[in-house]
Undergrad: 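I'd like to ask you about the structure that follows.
Naming convention: chains lettered A, B, ... in sequence-line order (proteins, then strands); numbering from 1 in each chain.
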Protein chains: 2
Amino acid sequence: MKKREDEKFNAYDIPLDDFFHFALSVDCVVFGFDNKDLKILLIERGVEPMKDLWALPGDLVRLEEGIEVSANNILKKLTGVNNIYLKQVHTFGKVDRHPLGRVITTAFYALVDISKIEISPSSWASQTKWYKVSELPQLAFDHRQIISTCINQLERDAKLQPIGFELLPKKFPLGLFQELYEAIYQTTLDKSNFRKKVKSLNILNQLDEFEKNVSHRPGKLYQFDKKRYNELKEKGFLFEIGV
Amino acid sequence: MKKREDEKFNAYDIPLDDFFHFALSVDCVVFGFDNKDLKILLIERGVEPMKDLWALPGDLVRLEEGIEVSANNILKKLTGVNNIYLKQVHTFGKVDRHPLGRVITTAFYALVDISKIEISPSSWASQTKWYKVSELPQLAFDHRQIISTCINQLERDAKLQPIGFELLPKKFPLGLFQELYEAIYQTTLDKSNFRKKVKSLNILNQLDEFEKNVSHRPGKLYQFDKKRYNELKEKGFLFEIGV
DNA sequence: TCAAAAGTGTTTCCAATACACCCATGG
DNA sequence: CCATGGGTGTATTGGAAACACTTTTGA
């Protein structure tokens with residue numbers, strides 16, 4: 001890092017060094033889908049400030065650490081899994097949003113297959129819990145707003161990208177797929193029409209396997225065809241699913 | 001601002017003060033529409049680093065200044081106009097993206113009516129110029145990437161929101177409106193169908209005025225009906241214009 | 001034999017698309 | 001009188017939406 005003590009900069013003629021006193025944090029809105037509900041993973045903070053309040057998993061970024069790397073590290077700590085699907089959504093920078101100083105935070109959302117993930121509380125989290133998006137507790141900082149922004153973004157993204165696959169097991173019946181979209185859009189969809197539409201997208205592989213241990217006719221299992229999806233995406237193809 | 005010299009924080013057990021050495025900047029991708037082309041406003045940097053290179057208008061954020069406020073101030077300086085349409089797009093935080101230290105930057109795009117805006121170079125800009133998006137010069141920092149991200153975002157937004165109105169004069173003929181969307185989507189659209197679609201959205205007021213001084217049949221002028229737009233938006237109405 | 005969800009087929013209807021044509025103005 | 005873009009009408013078609021129906025499993 002260069003010396004910069006007596007340089008001037010910027011339209012205000014303020015010593016350059018005065019600008020280098022921000023902290024940057026990363027907060028992750030981790031979405032999961034479970035039992036017909038869209039859920040978010042929250043932690044109970046184990047450190048000050050706002051100790052014991054529910055909050056988003058997040059952390060301060062170190063000076064030599066990239067933002068995306070930092071977000072990935074948080075999820076690695078929490079789930080043990082690397083390279084979870086992450087999308088940067090928005091940066092929140094209100095002057096007084098953090099009691100310790102000028103901390104701006106960049107919010108990401110993450111999508112995980114809730115059935116495959118084991119959560120392990122870490123140093124800054126004394127507890128973790130999946131909350132339904134409709135039943136969130138009181139939250140620290142401006143995390144309520146962050147969540148709301150991320151939910152909106154997820155809804156918009158879900159309409160144009162086959163994002164849902166990240167939230168489901170590798171193999172899944174179409175009924176589950178539909179329930180997921182019903183949870184995201186908070187609505188109900190016509191079964192027949194939903195199936196026709198999804199199949200017409202040509203990004204699903206039908207398997208020769210069936211659901212097990214269900215008290216109704218077992219559904220065929222499907223798999224996301226990522227290769228085919230990327231081919232179509234190249235061509236500018238749109239994937240409108242649901243509403 | 002609180003004392004924090006000897007507190008500890010965060011999973012890494014690093015002194016808290018070590019985290020407060022980021023700088024934050026704001027960069028604006030200002031879009032305008034002129035003569036059938038989508039254009040971006042660039043400045044020639046009048047200050048180090050990267051002096052004399054073309055770059056996005058932007059500045060370091062002061063510690064006591066909000067991010068959005070900072071973006072607004074930049075545009076105010078540049079155009080003399082307050083409350084220009086601004087949208088936060090993405091935050092870029094690569095560790096080595098800035099030669100003076102760890103500077104992360106939040107990118108916004110702005111939409112202006114190019115015919116109503118007078119640009120005045122300010123302290124950090126020795127020159128300003130509107131460039132076609134297809135003919136950009138060499139750019140400072142990672143500004144090429146920032147622009148590319150903002151163009152993508154604009155394209156996506158234009159499909160779902162009547163963003164185009166910000167780029168046009170208050171009163172405009174439908175032909176101009178169509179040309180704008182053709183510039184954004186880089187395609188041509190069928191005149192008759194475009195008109196039908198736009199009119200069916202019910203967010204345009206037809207005026208009793210006509211274009212002047214054109215060497216062809218003058219077109220009727222239209223105005224954006226913001227009130228009606230907001231009503232429909234409340235109801236979750238979608239505004240797909242063009243492709 | 002009942003509940004519950006899988007899975008399919010049909011009809012209706014609207015909106016996207018393609019395309020042809022006429023109109024008004026300046027030069 | 002022609003080039004230019006404004007402005008309108010119509011036929012076709014594909015897909016969205018609504019809804020009825022059959023199938024397969026566990027309990």
Undergrad: Is the NZ or CZ atom of B/K129 positioned over B/Y131's six-membered ring, under 6.0 angstrom from the centre and within 45° of the axis?
TA: yes
Undergrad: Using whole Å, report how far OH of A/Y222 lies from P of C/dA6.
TA: 11 Å
Undergrad: Taking A/K220 first and then A/E209, would you say they form a salt bridge - that is, a charged N and a carboxylate O separated by under 4.0 Å?
TA: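 Salt bridge flag = no for A/E209 with A/K220.
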Undergrad: Does the distance from a Lys or Arg side-chain N to an Asp or Glu carboxylate O, for A/D142 and A/K94, drop under 4.0 Å?
TA: no
Undergrad: Atom NZ of A/K220 and atom P of C/dT8: how far apart are they, to the nearest Å?
TA: 9 Å
Undergrad: Can you tell me how far C1' of D/dG7 sits from CD of B/E211, to the nearest Å?
TA: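 Distance check: B/E211 CD to D/dG7 C1' gives 12 Å.
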Undergrad: Give me the ring orientation class for B/Y181 and B/F177: parallel if the planes are under 30° apart, tilted from 30 to 60°, perpendicular past 60°.
TA: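 Plane angle over 60°, so perpendicular.
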Undergrad: Students often get this wrong, so: under 4.0 angstrom with heavy atoms, is A/K199 touching a base, only sugar-phosphate, or nothing?
TA: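 Answer is sugar-phosphate: A/K199 comes under 4.0 Å of backbone atoms only.
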Undergrad: Assign a letter to each nucleotide of nucleotides 19-27 of chain C from its 5' end: B, base within under 4.0 Å of a protein heavy atom; S, sugar-phosphate only; -, no contact.
TA: B---BBBS-
Undergrad: Quick one: sort the A/F224 and A/Y229 rings into parallel, tilted or perpendicular, breaks at 30° and 60°.
TA: tilted
Undergrad: Please give, in whole Å, the distance from D/dG6 P to B/E209 CD?
TA: 17 Å
Undergrad: Please report the distance, rounded to the nearest Å, between CG in A/L204 and P in C/dA6.
TA: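 After rounding, the gap between these two atoms is 15 Å.
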Undergrad: Rounded to whole angstrom units, what separation is found between the NZ atom of A/K197 and the P atom of D/dA17?
TA: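 Going from NZ in A/K197 over to P in D/dA17 covers 7 Å.
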Undergrad: Is there a side-chain hydrogen bond (donor to acceptor under 3.5 Å, both in side chains) between B/S126 and B/E44 once you walk through the steps?
TA: CA-CA 6 Å; B/S126 51; B/E44 195 181 59; 3.2 Å; yes
Undergrad: Can you check the B/R195 CZ to C/dA15 C1' distance for me, whole Å?
TA: 19 Å
Undergrad: What is the separation between atom CD on A/E179 and atom C1' on C/dA6, rounded to the nearest whole Å?
TA: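 The distance from CD of A/E179 to C1' of C/dA6 comes to 12 Å, rounded to the nearest Å.
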